[in-house]
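In what follows, a structure is listed as structure tokens, so that the remarks can point back to it.
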Amino acid sequence: MEQPIFTTRAHVFQIDPTTKKNWVPASKQAVTVSYFYDSTRNSYRIISVDGSKVIINSTITPNMNFTKTSQKFGQWADSRANTVFGLGFASEQQLSKFAEKFQEVKEAAKLAREKSQEKMETSSDQSQESGRETPSGNQASSINGTDDEKISHVPENTALMSENDRLKSVAEQSKKLETELQALMDSNARLSDTLQEANSNAESWKSKVMQSQDENNQLRNKISELEDQCKEVNLERERNTQLSLRIQELEADLQEKEQELEDLRKQAETIPQLMAKCESVTAKLQAAETASRDLSEKMTLLQSEIDDSQHKQKNMKTELKKFMDVLDGKIDELHEVCQGISKLGIDN
């Protein structure tokens, strides 16, 4: 009677019988996978059922090996079923427990086969020894015994013949088992080649995955570089915005300076009038001087007027000079501002 000794859940796959490379899903979702022990036959099996369909029915033999091809995937070859089974687990811990149980069951199957072979060899040796001893006794009795003794040994000869026939059938059965064993070994060799090929394919897939990861890392680095460049572009935009604001401020200052310059120009337009007044005063002064010669009596008064006029003229000249100095300074400042604006526009 079979009883389950270990149970887990996994996705079941089988190797593609045509290509012997690709995995074909045997279950649409994770199903129960169990180890069963048959106490009558002293054998172990891995059984998995998806609904009413048996997707794994693999008897474990000492020649089987369970191979971990990744952190959550393992596989083994079944020569009797002429296929390779694969299991995908939810965690690495479940895979490790299944692999440990496989090795344990494999060792138990090996011990069971060795005990069975020892029993068969012991029974075969005993049968051969009994077959060798009995004919000699019959021969001795046939030579030295009477006719009654010969008749009494006939059932023994019949038993020996049946025993010999049984031994012959056992020998023929052993030959058949050897033939089947050789066929199983050949099938196991083919499955081993298939398993190696599947392992090589898994390695190639691993290399492709690593290559994809490297490409992803390169793309991530490129994205980081682009993000840095975008940050630099944003900073440059901010600088340009600040420069635009600075230019607007300078333009506003320039307009104020131009307004001041315009005011100064308007003030400068009154200078010819002042000069004309100055010339008229000078003419009057000359006329007064001429008149002073004639009018000596009015000389004191005219002299005082002349002194006053000269004093005013000096004050006007002084004020005019100060005004010209201020105007020159303003013109120099305006020239410097124009040069700064032109230089800032070229740099931008």
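Predicted, not measured: the structure shown is a model, and the values here were computed from it.
Side-chain contact check for Asn315 and His311: at least one donor-acceptor pair (N or O, by modelled atom type) lies under 3.5 Å.
Taking every heavy atom of both residues into account, Glu289 and Ile306 meet most closely at CG-CD1, 4.1 Å. Closest of all the heavy-atom pairs between Phe323 and Leu264 is CZ-O, 4.1 Å. Nearest heavy-atom pair across Asn82 and Lys20 is O-NZ, 4.3 Å. Summarising the geometry of Phe73 relative to Gly86, their closest heavy-atom pair is CZ-CA, 3.7 Å, with the distance given to 0.1 Å. Of all non-hydrogen atoms in Asp50 and Lys28, the two that sit nearest each other are OD2-N, 4.1 Å. Here the closest heavy-atom approach between residue Ala26 and residue Ile55 is recorded as O-CG2, 3.7 Å.
Residues satisfying the side-chain hydrogen bond (donor to acceptor under 3.5 Å, both in side chains) test with Thr18, not counting sequence neighbours, are none. Every residue two or more places apart in sequence or in another chain that forms a side-chain contact (heavy atoms from CB on, under 4.5 Å) with Ile47 is listed here: Glu2, Phe36, Arg45, Val49, Asn57.
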Could you walk me through whether Ser79 and Met64 pass the side chain to side chain contact (heavy atoms under 4.5 Å, CB included) test, one step at a time? CA-CA 9 Å; Ser79 58; Met64 287 185 178; 5.7 Å; no
Give the intermediate values and the outcome of salt bridge (Lys or Arg N to Asp or Glu O under 4.0 Å) for residues Glu100 and Lys97. CA-CA 5 Å; Glu100 292 173 359; Lys97 289 182 179 180; over 6 Å; no
Decide side-chain hydrogen bond (donor to acceptor under 3.5 Å, both in side chains) for Ser58 and Asp78; before the verdict, give the C-alpha distance in whole Å, the side-chain angles of both, and the deciding distance to 0.1 Å. CA-CA 7 Å; Ser58 177; Asp78 190 341; 2.7 Å; yes
When you look at Leu111 and Glu114, which way does the side chain to side chain contact (heavy atoms under 4.5 Å, CB included) test go after all the steps? CA-CA 5 Å; Leu111 292 174; Glu114 290 176 355; 4.0 Å; yes
Output, in order, the C-alpha distance, side-chain angles, deciding distance and verdict of side chain to side chain contact (heavy atoms under 4.5 Å, CB included) for Arg80 and Thr59. CA-CA 8 Å; Arg80 294 183 179 179; Thr59 301; 3.8 Å; yes
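Here the CG-CD distance, from Asp228 to Glu225, works out to 7.5 Å after rounding to the nearest 0.5 Å. Summarising the geometry, atom CD1 belonging to Ile247 is positioned 4.5 Å from atom CG belonging to Leu344; distances are rounded to the nearest 0.5 Å. The distance from the CD atom of Gln286 to the CD atom of Glu279 is 10.5 Å, given to the nearest 0.5 Å. With values rounded to the nearest 0.5 angstrom, Asp332 atom CG is found 11.5 Å from Lys330 atom NZ. Distance check, rounded to the nearest 0.5 Å: CZ of Phe89 to NZ of Lys72 gives 12.0 Å. Between atom CG of residue Leu95 and atom CZ of residue Phe102 there is a gap of 12.5 Å, rounded to the nearest 0.5 Å.
Counting heavy atoms of neighbouring residues, nucleotides and ligands inside a 6.0 Å radius, atom CD of Gln339 exceeds 12 of them. Other residues, nucleotides and ligands contribute only 12 or fewer heavy atoms inside 6.0 Å of the CD atom of Gln71.
For Glu236 and Arg239, the salt-bridge test passes: some basic side-chain N is under 4.0 Å from an acidic carboxylate O. In summary, Glu269 and Lys266 do not engage in a salt bridge, as defined by a charged side-chain N under 4.0 Å from a carboxylate O. A salt bridge is absent between Lys110 and Glu107: the closest approach of a Lys/Arg side-chain nitrogen to an acidic carboxylate oxygen does not fall below 4.0 angstrom.
The shortest side-chain heavy-atom distance between Phe85 and Gln75 does not fall under the 4.5 Å cut-off. Residues Lys321 and Thr318 are not in side-chain contact: their nearest non-hydrogen atoms beyond the backbone lie 4.5 Å or more apart. Using a 4.5 Å cut-off on side-chain heavy atoms (C-beta onward), Leu327 and Gln267 make no contact. Here the side chains of Thr83 and Pro17 are not in contact, with every heavy-atom distance at 4.5 Å or above.
Paired with Cys278 under the rule side chain to side chain contact (heavy atoms under 4.5 Å, CB included), one option of Gln313, Lys312, Gln273 passes, and it is Gln313. With Arg9 as the fixed residue, the side chain to side chain contact (heavy atoms under 4.5 Å, CB included) test singles out one of Val33, Thr32, Leu87: Thr32.
Under a 3.5 Å cut-off, the side chain of Ser48 and the backbone N or O of Ile56 do not form any donor-acceptor pair. No donor-acceptor pair closer than 3.5 Å links the side chain of Tyr44 to the backbone N or O of Lys106.
Taking hydrophobic clusters as Ile, Leu, Val, Met, Phe, Trp and Tyr residues chained together by side-chain heavy-atom distances below 4.5 Å, Met316 does not share a cluster with Met275. Two different hydrophobic clusters hold Val281 and Leu301 under the rule that ILVMFWY side chains link at heavy-atom gaps under 4.5 Å. Residue Val31 is grouped with residue Ile5 when hydrophobic side chains (ILVMFWY) are merged at heavy-atom distances under 4.5 angstrom, including chains of intermediate members.
Within the structure, side chain to side chain donor-acceptor pair (under 3.5 Å) pairs that include any residue of residues 251-263 do not occur (at least two apart or interchain).
Trp76 and Phe98 have tilted rings, their planes meeting at an angle from 30° to 60° on a 0 to 90° scale. Ring geometry for Trp23 against Phe13 counts as perpendicular: the plane angle is over 60°, on a 0 to 90° scale with 30° as the lower cut.
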